[in-house]
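Throughout, protein chains are lettered first and strands after them, A, B, ... in sequence-line order, and every chain is numbered starting at 1. FYI, side chains are in, hydrogens and waters are out, and symmetry mates aren't considered; it's all heavy atoms of this structure.
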Number of protein chains: 2
Amino acid sequence: MAAKRRAQMVEETRAKLIRAAREAFSSKGYSASSMDDLTAAVGLTRGALYHNFGDKKGLLQAVIDQIDGEMLERMRIAQEHAANPWEGLLQESVAYIEMALEPEIQRIMLLDGPAVLGDPSQWPNQTACLRRTESIVRELIDDGTLKPVDAEAAARLLNGAALNAALWIAAADDPRAVLKKAVDAFLELATGLRR
Amino acid sequence: MAAKRRAQMVEETRAKLIRAAREAFSSKGYSASSMDDLTAAVGLTRGALYHNFGDKKGLLQAVIDQIDGEMLERMRIAQEHAANPWEGLLQESVAYIEMALEPEIQRIMLLDGPAVLGDPSQWPNQTACLRRTESIVRELIDDGTLKPVDAEAAARLLNGAALNAALWIAAADDPRAVLKKAVDAFLELATGLRR
DNA sequence: GGTGCTAAGATACGCCTCGTATGTAAACGG
DNA sequence: CCGTTTACATACGAGGCGTATCTTAGCACC
């Protein structure tokens, strides 16, 4: 029972630390999170942390990678449920807005992440999110649905608009009402790309 | 000569500290900037800082207020030089993109600011920037140029798209080429709001 | 099965930074 | 001219990060 495989033990401690970090980073923010407290919360010390992740930034990076994977998956699902590619693009953006409403994603992915690790477009997975959108845009340009704009530029702008909408909504008194306004305006705006 | 008025002396030290902070924050980032070094660089100590700004965040807030004022002014100028309100709206957004290319604005206003002080829409001046855009949008809706969308939502989305475009451009290998792509796509996207 | 080796994690240390509490000297008001 | 307030400096304590060292437990190989 106590005789677990080594690799498995390591994976467990890494998972424990990442879980604790998600909790601490999203509630207190990155810089206010003490690594001493964080590790102690799961029965470890900073030794384990520095051994596994190198430094505090390394832990944040690991957390971001994990959340990024989850976001990508949710966007994929949203797009798959749409009737056609154009709807898929819109649904994906709406999903993005909704995710950005969650405090954890907002704090870690949208606020602390970029500030600590630099521009988000450098992150491999964030790029993956974007590449999804971009490839759909390209597809829609090819089949004549969209104007022949630069696909990457269009994807960036759409994501940017969605992201800012999300930050706005999250800070609003009545998120529901604001969400509706934002989505409505977003759908209108997006038609600017249609041929 | 040395007999200056007190208020003037205070204004000078505040200006010195803000100038040093703009330099330090934009080059090293907020958290990596030591208040000891920063104050020593202009011949003061942390005493002056904590007396004038309360704490490190207070200094950042002062820096942000100053930069915000400059940004607002530049957007105002860009919009005034346009032939008509619709062009004014576009020019203002382009000016925003161009400003966001500057490392100082990017680092302080777009990365560290939101992370340290919270959502930008809480900042009084950032709201002022937005209010400008919003009032123009409202005007254009009233005169029938734009679709009857929610003015604030539209303003947010436009600013968000512009902001993300700027971050993209800044990280690009060939900023000039990318700037052109982004502006082109932005102008197309914005037409989605036209009636 | 025993043994040398490697790696995971704990413990201990020093450095830096922030915020505050206290001190001091100069400017203001009467 | 003098008490008071204000602006800033100095001194102090508390964390927090990163690293260097130490211990223990698993693994490979004989």
Side-chain angles (χ1 to χ4, degrees), chain A residues 1-21 23-64 108 112-113 115-118, chain B residues 1-21 23-64 108 112-113 115-118:
Chain A
M1 160 84 208
K4 288 181 181 165
R5 291 206 159 275
R6 199 166 209 198
Q8 189 181 345
M9 297 280 294
V10 171
E11 219 27 64
E12 260 176 43
T13 61
R14 288 179 60 95
K16 271 197 262 185
L17 289 173
I18 290 178
R19 213 179 315 134
E23 164 58 27
F25 290 165
S26 70
S27 62
K28 293 189 267 185
Y30 174 80
S31 77
S33 295
S34 159
M35 303 310 260
D36 259 322
D37 298 352
L38 196 152
T39 50
V42 290
L44 294 167
T45 68
R46 285 200 340 256
L49 204 167
Y50 285 91
H51 185 76
N52 278 292
F53 298 100
D55 60 355
K56 193 178 180 181
K57 280 186 185 178
L59 179 59
L60 176 61
Q61 182 69 64
V63 167
I64 284 177
I108 299 177
D112 288 338
V116 175
L117 301 179
Chain B
M1 157 90 209
K4 287 181 180 166
R5 282 229 285 291
R6 198 162 210 196
Q8 188 180 345
M9 298 281 294
V10 171
E11 220 26 65
E12 260 177 44
T13 61
R14 287 179 60 95
K16 271 197 263 187
L17 289 173
I18 290 178
R19 212 180 316 134
E23 164 58 27
F25 290 165
S26 70
S27 62
K28 293 189 267 186
Y30 174 80
S31 79
S33 295
S34 158
M35 302 310 261
D36 258 322
D37 298 352
L38 196 153
T39 51
V42 290
L44 294 167
T45 68
R46 281 195 344 243
L49 204 165
Y50 284 92
H51 184 74
N52 280 290
F53 299 100
D55 61 355
K56 194 178 179 181
K57 280 186 184 179
L59 179 59
L60 176 61
Q61 182 68 63
V63 167
I64 284 177
I108 299 177
D112 288 337
V116 175
L117 301 179

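Taking atom CE of residue M9(A) and atom C1' of nucleotide dT24(D), one finds them 12 Å apart after rounding to whole Å. Distance OH (Y50(A)) to C1' (dA20(D)): 14 Å, rounded to an integer number of Å. Atom-to-atom, CD of Q8(A) to C1' of dA7(C) comes out at 17 Å; the value is rounded to the nearest Å. Summarising the geometry, the separation between CZ on R14(B) and C1' on dC8(D) is reported as 14 Å, rounded to the nearest angstrom. Atom NZ in K57(B) sits roughly 13 Å away from atom P in dC18(C) (whole-Å rounding). What separates CZ of F53(B) from P of dG19(C) is a distance of 14 Å, to the nearest Å. dG16(D) atom P lies 19 Å from atom CE of M35(B), rounded to whole Å. Regarding L59(A), its CG atom lies at a distance of 15 Å from the C1' atom of dG16(D), rounded to whole Å.
K56(B) places a side-chain N or O within donor-acceptor distance of the main-chain N or O of Y30(B), the cut-off being under 3.5 Å.
Within the nucleic acid shown, L49(A) has no heavy atom closer than 4.0 Å to any nucleic acid atom. S31(A) comes within contact range of no nucleotide atom at all, as no heavy-atom separation falls under 4.0 Å. Note on S33(A): only backbone sugar-phosphate atoms sit closer than 4.0 angstrom, heavy atoms only; bases stay farther off. Looking at heavy-atom distances under 4.0 Å, S34(A) makes contact with sugar-phosphate atoms alone, never a base.
From K28(A), atom NZ reaches atom CG of L38(A) across 7.5 Å, with rounding to the nearest 0.5 Å. Note that the CG atom of L59(B) and the CZ atom of F25(B) stand 4.5 Å from one another [nearest 0.5 Å].
When the side-chain nitrogen and oxygen atoms of H51(A) are compared with OP1 and OP2 of dG9(C), none of them lie within a distance under 4.0 Å. A close approach under 4.0 Å does occur between a side-chain nitrogen or oxygen of N52(B) and OP1 or OP2 of dC8(D).
The 12-atom threshold is not exceeded at NZ of K57(A), counting heavy atoms of other residues, nucleotides or ligands nearer than 6.0 Å.
Comparing L44(A) and D36(B) against DNA chain C, the residue whose closest nucleotide sits nearer the 5' end is L44(A). Comparing A7(A) and T13(B) by the nucleotide of DNA chain D that holds the closest heavy atom to each, the one mapping nearer the 5' end is T13(B).
At a threshold of 4.5 Å between non-hydrogen side-chain atoms, the residues F53(B) and R14(B) count as touching.
Out of dA8(C), dT17(C), dA10(C), the shortest distance to the side chain of A48(A) is found at dA10(C). Proximity note for K56(B) (side chain, C-beta onward) versus dG19(C), dA7(D), dG9(C): the nearest is dG19(C).
Side-chain to base pairing of R46(A) with dG18(D): one donor and one acceptor N or O lie within less than 3.5 Å of each other.
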